[in-house]
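Model, not experiment: these values are computed from the prediction. In what follows, chains are A, B, ... by sequence order, proteins preceding strands, each numbered from 1.
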Amino acid sequence: MATPWTKDSLLEAIKTNPDFCVNCPTLAQDISEQRLNLLTLVEHLKDVLTDPEPSQRAVGTLVLATVLRDLPKDFVRENELKFITAFFCDRLKDHHDVIPAALKGILSILQMKNTAKESPAEILRSLVLNLNCQGQRHEDRLVIYRILDLLVLPHLSSLQDLGPDLVYHIMTAVEGERDPRNLVFLFSMLPSIIKSLSLGHLTEDFFEIMACYFPVDFNPSAEQRSQITREQLATGLACVLTAIPSFADFAIPLALEKLDSPIRLAKMDSLHLLIKGFDEFPPEKVAVHISPIWESLSREALSGSDYEVRESSRRAVTHLLRCLSESSTVNEGKSNPMRQLLSDVVAASTSCLSEIQTTLFMPAADLLLAAAKSAPPACEYILTKVLPSVVDFFHTKNDAADRSIYLRIISRFLTVCKSFEVTPLNNQEITPQWNLLLQLYLSSAEHESNLELKEALFGLTTLTPTLNSSERERLYNLLSTFVDRDCSTEVREQCRLCLCEIGIHFPNEVFECILPEKLNLLECDGANSKFDRRMQAQCWLAALPPFTQRVLPSVIKIILESKHLHQIQASLSALRKLVQDIPENAGPNHHVFVSLNESCSNAVARLTSWWRESVENAGECAWVTNETICNDVCFIISNVTRHSSPQDQELVVQHTLPLLHSVCATFDPSSQKHHQEVINTFEAVFGCLHCHIPLPEVRSLCCLLYKISVGTPFNSVHTSSSRLCASFVNKMPIASLEDTLSDLDTLLQSSCTQGSVQEVGLSASFCGWIVKGLSMRGYTKLEMWIDKLIKYVGADDKHIAMMAAQCFRVIMDDSPIYLNEGSHCTVRLLHKQRVFLCALKIVNKSKEIQTEQRYPYLLAVINLLAGVSQSVLSSNIGEVLPLVLESLSQDSPFLIDTALSTLNDLLTQPAFYDSLNDHIQSIIPRLLPLTIHADSMTIRQVAIRCLYNVANLKTELLLPFRVEVLAQLTLCVGDSKRGVRQDAVAARSQWLSVFWSVQGKK
Amino acid sequence: MTPSTGGPAMENQNPTLYKRAADREITPAELDNNVVDPFDAREIFDLIRNINDPEHPLSLEELNVVEERLCLVNDQQNTIDVTFTPTIPHCSMATLIGLCIRVKLLHALPPRFKVTVKISPGAHVSEAAINKQLADKERVAAALENSHLIKVINECIFAAPPTFSKIIRN
């Protein structure tokens, strides 16, 4: 095969193309595919490699190094590599311009597989003899470190002969490195090297070379910030300083010395170093320093200046004790270091536990807890030595709040005991202490105070699995009393948790004793509140799988068959809480919905039919007019439907669709026949269906819903019917969508020409809901529908224009109950952004309108801004901001309030600071008069908050307004309303502190 | 007395902590724009309760240095008297705490009020001297010219995050 390169062509390429040396296109490929011989290449390069000009030699060396880098790793044979190694090592003696290329060559050689056995020693020797590492540029130093990385560990056996010299060479190379990028590399490379070498008499020197960086003081420049962080360096350094056990003798004193520093950063780094050290160093090495370590840690953990320092110190104590617990001497009696330290911890902390009000109380309790968390023996020690004293302290207190704090602390200890399985079941020796605590909780649970009761129940919940049968009997009786009694919300919540814990550990007893006896609904003797509470407690248990099928059918039965308003209300409320607490992903509680569909024979369909019948017979069924009951029914139906499987949903639809058709077809706006209650319930069923559930005659249903929406005098019926129609439009197949939209369009147009103002206004609002449904599904002709809405905004009648402007808020806000992803609607990514960009033409339209008639347009724009993402808004902020500011000068308080809230949102997002900085001269003068707006205190409050946030903008731009703003805020701190004064104080302090911090920096 | 970490010795290593008062409840009258809310003791207490103690990372309220009952307000006569209680009678920070309270009230109150800040009777060994110092406008003004002092004061009064009122729209 013909040689692709001649000597002249190669030299010409090197001369004319400066990038050639770095990339060497095709050279390596030509060599590996045998089109060019490596030797020939060297011969071609002869002139440049031996050129008297150093820069030319550097170029030649670089070409060779780059070719070697790109060749396959096993391509070059050992004897060839030997020559090349000798050549590159020799180049290290050359001019300093040639050295970088030679280093790259050596790096390439070391990545090869066929390196000769004696090459590593030769490379290391020539590196040490010819180079002063710290005298090189930072990128060359990095290459040297990479060479060392590839040299030492993979070729350790061939470098063993060097003995301590190897360590010394490495130390010489890395000593004094200052570049953070290189340090990051060094900190990641050195631990494994240090671990594999024997440092011998150089241990301390090596440690000192690294210790000079501790604690890391590094403030990255703006461009470095994304690449290297201080934390990255500090973590790396800690790994180096704790790499080998023999560093313990130096690292621990170093950390303790820096822990004494007043600088917070030094404290935190020292604590992290100690924690890392306790994880890495052997216990014997740590035990030597135990006394000074405890002295420093106890001081920081008890009276450290800030929360994080105290928290890290406690963590250090945990790790220290864990380290010591692994010592072989741990079980050898009292003299072992862990026992010694534990007794020190107990001695320092216990005395502080006597008075709750003192500052050291909580830190001492936390310290003991941290010690207990270290290991099972420590936990056992604290349980036996400290908790009896805490119980004694508890008995000296009479105040329920104080006693509850002691109980809480004991409970926290018990949780730790449980996690380590330090219970009488595993360790008989702790039975007396355990019983002491149990008696304490049981007696506290009989106390009247809600605070103490809650903590006692929490403790009993923790102890539940370890209780014997008589203790459990006592607990059941107690719980039964609390369930029937009027307790605080916290106590009831704790009751629930305790009951569930019993249900998990002793399900049979719940079936045999608790459900039929303690929570029996028939034994309520007409006491309404007792029925409520027992029903609630039954539903708590229904959340656990074994009890769901037993409880839920009876609850549904009571709802459907009872004639007592009160019983229906209580059952619905308890059922609502049960289905409400279930997570969205229907994880472990999925059984509740399955049970409602299966064991309760399609509860949704039964509930819907029952409700419809109740509405029909409203005279006999008083609950129909009860708003709470109506809301509960809707909530339960919608939540169960949305969590049901498509098959279950189809069953529900079969039962309820005929009912919906009949209701819609017979709708009469003049009739007072409880439209609200019926439409809301149907929305709960049909608003939560999966997309592919077939709905026959949905087209005619949409038209009927339109008629209800514009015909009703009730707001909630209008919203429900419009939203349900939007939901249908969102989910229906594209084939029927076009026909349905065309029907709706015809209806809307006819209402524009023939309808009353009221009807057109409602049509505009209906149109807004349809736009929302369409935009969410990513409808291609969305812009046409948005144009219709904009047309309504331009209506001559103010009422219609305002209704249309408000629609933009509906479109941009997330719908909380229906018409969202949870209701199985199609929700396309970035659909709000699309609406925003389509509707942005309203900005230009508004400019054509006279200033005094712009009000609806301004409102529409401000509503549009509500849900749009930062990225889209920031590219259009210049266009919309003038309209937001113009809104501030309008007369309407509603518009001003909305515009101010929008402006305040913008002011809290740093992404908009640049744009807002440009408008600061318009913003502040418009805000100042609003801070004393006479008609609305809300406007004054939001305007002042805007001023508070304006202070985050560029200080030099704020300076011209400083006097004026502070004078205005002085007026505001004397406002007639307290809420306004409170905000004004915050804003004034903010403005004062901004300028104070600027002066402070100067 | 044990030395504190990284600073001068603390005078009171383990002070007693007091419970924070619950947030003020908003009454319907406070939401009515047409009703004037007078300045009262609780409002003044709310202004100064979050000032940080110069020595501990705790607020003056938590250390019981300021109390609602010791804030006296006469809205008609434009006077406000605040009395504070140092944690120990020989507290060297008492003047500084008094200055912090004064400066905070200077920032937060309309200029119509005449504010007096005093030590609770018998709560400090140098009570008279400190009261005289705090009442002397010129000495207070001179103290505020001292850049080191104003730095310490600002650190105490700007330590807590700002508290905003609740906005309730009808």
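- Applying the side chain to side chain donor-acceptor pair (under 3.5 Å) test to B:Asp46 and every residue at least two apart in sequence or in another chain returns B:Arg42, B:Arg49.
- Contacts with chain A were tallied for B:Lys151, B:Glu43, B:Lys166, B:Glu30; B:Glu43 has the most, counting heavy-atom pairs under 4.5 Å.
- In this structure, the side chains of A:Arg945 and B:Ile167 come closer than 4.5 Å at one or more pairs of heavy atoms.
- Among B:Ser147, B:Ala29, B:Pro161, B:Ala108, the residue making the largest number of heavy-atom pairs under 4.5 Å with chain A is B:Ala108.
- Note that CZ of A:Arg981 is 9.5 Å distant from CG of B:Leu47, once rounded to the nearest 0.5 Å.
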Subject >> A:Thr359 and B:Glu62: CA distance, side-chain angles, deciding distance, side-chain contact (heavy atoms from CB on, under 4.5 Å) verdict >> reply: CA-CA 10 Å; A:Thr359 320; B:Glu62 286 168 316; over 6 Å; no
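- Contact count against chain B (heavy-atom pairs under 4.5 Å) is highest for A:Lys977 among A:Arg988, A:Lys977, A:Gln982.
- Atom CG of B:Asp37 is separated from atom CG of A:Asp975 by 9.0 Å, given to the nearest 0.5 angstrom.
- Residue A:Leu360 holds its CG atom at 10.5 Å from OG1 of B:Thr16, rounded to the nearest 0.5 Å.
- Considering only heavy atoms from C-beta on, B:Lys104 comes within 4.5 Å of A:Ser989 through its side chain.
- If you measure heavy-atom distances from B:Phe39 to chain A, the contacts under 4.5 Å come from both the backbone and the side chain.
- Looking at A:Val985, the atoms closer than 4.5 Å to chain B (heavy atoms on both sides) all sit in the side chain, from C-beta outward.
- Scored by the ring-ring contact (aromatic ring centres under 6.0 Å, His included) test, B:Phe164 finds A:Tyr948 as partners (sequence neighbours excluded).
- Contact annotation: the side chain of A:Gln941 approaches that of B:Ser165 to within less than 4.5 Å [non-hydrogen atoms, C-beta and beyond].
- Looking only at heavy-atom pairs under 4.5 Å with chain A, the residue among B:Leu63, B:Ile26, B:Asp32 that has the most is B:Asp32.
- Within the model, atoms CG of B:Asn34 and CG of A:Asp935 stand 9.0 Å from one another, a figure rounded to the nearest 0.5 Å.
- To the nearest 0.5 angstrom, A:Ser993 atom OG is 8.5 Å from B:Asn154 atom CG.
- Of the two parts of B:Arg24, only the side chain, counted from C-beta on, holds a non-hydrogen atom closer than 4.5 Å to a non-hydrogen atom of chain A.
- One finds the CG atom of A:Leu969 at 12.5 Å from the NE2 atom of B:His107 (value rounded to the nearest 0.5 Å).
- Within a 6.0 Å radius of NZ in A:Lys397, other residues, nucleotides and ligands contribute more than 12 heavy atoms.
- Residue contact with chain B, scored on non-hydrogen atoms closer than 4.5 Å, involves the backbone of A:Ala934 exclusively.
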